Amino acid sequence: MRQRQHSLPAGLYLLAWNTDKQKLTSTDTIGHVVRAGALAELALRGLLTDADGRPAVAEGAPTGEPALDDLLELIARSRPLAWKGWINQGVKPTLTAVREQLAEAGCLSLDTHRIGGLISVTTVNPPPSGAGDLLRNRAVRALRGEGPADAVPDHDAALITLAAAGGLRTVISEADSRAYQQRLAALAGRGGPVGEALRRILPELRETVAVAHAG
């Protein structure tokens, strides 16, 4: 099937699915992983910069993706908050917007029904088999490729480093996370605003995931 370019949050959510088992993995942390991806995507597009350890909104046109534009607007009208705060707090709207975006793109489907006529519940149906394969292959190629890390496109470098920090074992195993530790550090250590954002985001995401798993 022909696959489109996904933003980082959409790509990370899609990659979290084990399509063989038709099961979403990392369910306790996927909201944080997706939010971290949204922050990185906004930095990648030059719409967020780092200001003394806090994301700051830069001038630019809307992206057209509610998951990104709503987060950007929220950051702009909120009191200054460290990257960690944005990764940890109020992640559900971003996750919901990403699911809806993928559903509109035909990458998965959503069923909404009411319990007792009062409580609205949305069921996410698994993506079709093979969905996300191209994206997964690009991420793995960025990790295992023989070329220099700085030759890897920013999007692919961010995708694999976020997947590793977020513990997405559908993309990168724990063994590969250890074996390719230097490569991952090199991919995250690029210059410019993207590299600066990743250096802020990745440690906080790793800590958030570790705390969730410890609990």
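Just so it is clear, the model here is predicted, and its values are computed rather than measured.
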* To do: State, yes or no, whether a side-chain contact exists between His6 and Leu14 at a heavy-atom distance under 4.5 Å.
  => yes
* Structure fact -> Heavy-atom nearest pair, Glu204 first then Arg200, reads CG-O, 3.2 Å
* Structure fact -> Tightest non-hydrogen contact, residues Pro55 and Leu81, listed as CD-O, 3.1 Å
* To do: With side chain to side chain contact (heavy atoms under 4.5 Å, CB included) as the test, would you mind laying out the steps for Leu47 and Val57 before giving the verdict?
  => CA-CA 6 Å; Leu47 297 173; Val57 175; over 6 Å; no
* Asked: Can you list the steps and then say if Asn125 with Leu108 is a side chain to side chain contact (heavy atoms under 4.5 Å, CB included)?
  -> CA-CA 6 Å; Asn125 299 310; Leu108 49 79; 5.9 Å; no
* To do: Any chance you could measure Arg45, atom CZ, to His155, atom NE2, to the nearest 0.5 Å?
  => 8.0 Å
* Partner set under salt bridge (Lys or Arg N to Asp or Glu O under 4.0 Å) for Arg199, not counting sequence neighbours -> Glu196
* Spacing of His32 atom NE2 and Ser26 atom OG [to the nearest 0.5 Å] -> 11.5 Å
* Can you name the closest pair of heavy atoms from Tyr13 and Arg99 and give their distance? -> OH-NE, 3.2 Å
* Asked: Does any non-hydrogen side-chain atom of Asp156 lie less than 4.5 Å from one of Ile160?
  -> no
* Asked: Do Thr208 and Asn88 have side-chain atoms, one donor and one acceptor, less than 3.5 Å apart?
  -> yes
* How long is the span from the CG atom in Leu184 to the CG atom in Leu162, to the nearest 0.5 Å? -> 11.0 Å
* Asked: Does a side-chain heavy-atom distance below 4.5 Å link Thr94 with Asp70?
  -> no
* Asked: Is the closest side-chain heavy-atom distance between Leu24 and Val124 below 4.5 Å?
  -> no
* Does a side-chain heavy-atom distance below 4.5 Å link Lys23 with Trp17? -> no
* To do: Of all the heavy-atom pairs spanning Thr29 and His213, show the shortest one and how long it is.
  => CG2-NE2, 4.3 Å
* Asked: Would you say Arg138's side chain and Arg141's backbone share a donor-acceptor pair under 3.5 angstrom?
  -> no
* Going from CG on Leu39 to CG on Leu205, what distance comes out if it is rounded to the nearest 0.5 angstrom? -> 10.0 Å
* To do: Starting from the C-alpha separation in whole Å, work towards a yes-or-no answer on side chain to side chain contact (heavy atoms under 4.5 Å, CB included) for Gln101 and Thr96.
  => CA-CA 9 Å; Gln101 174 186 328; Thr96 298; over 6 Å; no
* To do: Kindly compute the distance separating CZ (Arg35) from CD1 (Ile30), expressed to the nearest 0.5 Å.
  => 13.0 Å
* Taking every non-hydrogen atom, the tightest pair across Val171 and Ala139 -> CG1-CB, 4.1 Å
* Asked: How many angstroms lie between OH in Tyr180 and CG in Leu187, if you round to the nearest 0.5 Å?
  -> 12.0 Å
* Could you state whether Val140 and Val33 fall into the same hydrophobic cluster, counting links through intermediate Ile, Leu, Val, Met, Phe, Trp or Tyr residues with side-chain heavy atoms under 4.5 angstrom apart? => no
* Asked: Leu15 and Leu135: side chain to side chain contact (heavy atoms under 4.5 Å, CB included), yes or no, with the steps?
  -> CA-CA 8 Å; Leu15 290 177; Leu135 195 62; 3.9 Å; yes
* Going by the side chain to side chain contact (heavy atoms under 4.5 Å, CB included) test, name the single residue among Leu71, Val91, Leu48 that passes it with Trp86. => Leu71
* To do: Report yes or no: does Asp176 contribute a side-chain atom to a donor-acceptor pair with the main-chain N or O of Ile172 at less than 3.5 Å?
  => no
* Asked: Of all heavy-atom pairs between Ala97 and Pro66, which one has the smallest distance, and what is that distance?
  -> CB-C, 4.4 Å
* Please indicate whether Asp111 has more than 12 foreign heavy atoms, meaning atoms of other residues, nucleotides or ligands, lying under 6.0 Å from its CG. => yes
* Asked: Per the side chain to side chain donor-acceptor pair (under 3.5 Å) rule, which among Thr161, Asp154, Asp150 passes with Arg190?
  -> Asp154
* To do: Using a 4.5 Å cut-off on heavy atoms from C-beta on, say whether the side chain of Pro9 contacts that of Glu41.
  => yes
* Just wondering, do Leu110 and Thr123 contact through their side chains at under 4.5 Å, heavy atoms? -> no
* Side-chain touch Arg54/Asp50, heavy atoms, less than 4.5 angstrom -> no
* Do the side-chain N and O atoms of Thr63 and Asp69 include a donor-acceptor pair separated by under 3.5 angstrom? -> yes
* Compute whether any side-chain donor of one residue and acceptor of the other, for Glu65 and Ser7, lie under 3.5 angstrom apart. => yes
